[in-house]
Q: 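Would you mind keeping the following structure in view while I ask a few things?
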Amino acid sequence: MPRIIAFDYGTKRIGIAVTDPLQIIATGLDTIHPKDIVEYLKKYLSAEPVEAFVFGDPKQMDGSPSESAQHVKGFAKTLKKTFPDIPQYWIDERFTSKMAHQTILQSGLKKQDRRNKERVDTISATLILQYFMEQPRL
């Protein structure tokens, strides 16, 4: 089975998570600078089949788009142009960064390791992917 990739988009870093081939487990894959993401994905997709891209949809508490929404939409548009055959899905990402910080705190990592922002982005992408996998699909 092909994998599913999820993104936690940021203007400095993009956290990436991926499913296993059976689409049972979501795992953090990497954190990439936005300027390098297309080449990274081209290389990844040449080695692994991918069924879908999942994006964290940044929203305010009232459900309206957050300030970063325009950046994520632009990113999704770029991926649609580059990989037109891969469907795209959106998952509300409110609280994922907070939950990622909580997960890191509970993991028992040393204080210096907990400050690693790349780890937060990768865990956030993993949470986005996990939420997507838990949604019933038609």
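A quick note: this is a predicted structure, and the numbers were derived from the prediction, not measured.
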Q: Quick one: list whatever passes side-chain hydrogen bond (donor to acceptor under 3.5 Å, both in side chains) with Q88, sequence neighbours left out.
A: none
Q: Please lay out, stage by stage, how K73 and D57 fare under the test side chain to side chain contact (heavy atoms under 4.5 Å, CB included).
A: CA-CA 9 Å; K73 301 287 185 197; D57 192 5; 4.0 Å; yes
Q: Where is the tightest heavy-atom contact between A125 and G15, given as atom of each residue plus distance?
A: CB-O, 3.4 Å
Q: Would you confirm whether T126, through its side chain, and A26, through its main-chain N or O, come within 3.5 Å as a donor-acceptor pair?
A: no
Q: By the rule that ILVMFWY residues connect when side-chain heavy atoms come within less than 4.5 angstrom, directly or transitively, which residues belong alongside L45?
A: I5, F7, Y9, I14, I16, V18, L29, I32, I37, V38, Y40, L41, Y44, V50, F53, F55, V72, F75, L79, F83, I86, W90
Q: Got a sec, which residues hit side-chain contact (heavy atoms from CB on, under 4.5 Å) with P2, two or more places apart in sequence or on another chain?
A: P49, E51
Q: Listing request: all salt bridge (charged side-chain N to carboxylate O under 4.0 Å, His left out) pairs with a residue in residues 32-41, at least two apart in sequence or in separate chains.
A: E39-K42
Q: Please report the interatomic distance CZ(F132) to OG1(T19), rounded to the nearest 0.5 Å.
A: 9.5 Å
Q: Indicate yes or no: at least one non-hydrogen side-chain atom of I91 is less than 4.5 angstrom from one of Q135.
A: yes
Q: Share the residues that join L22 in a hydrophobic cluster, the rule being Ile, Leu, Val, Met, Phe, Trp or Tyr side chains under 4.5 Å apart at the heavy-atom level.
A: I24, I25
Q: Rounded at 0.5 Å granularity, tell me how far CZ in R3 sits from CG in L129.
A: 11.0 Å
Q: What are the two closest non-hydrogen atoms of P34 and G10, and how far apart are they?
A: CG-O, 3.4 Å
Q: Does K80 NZ have over 12 foreign heavy atoms under 6.0 Å away?
A: yes
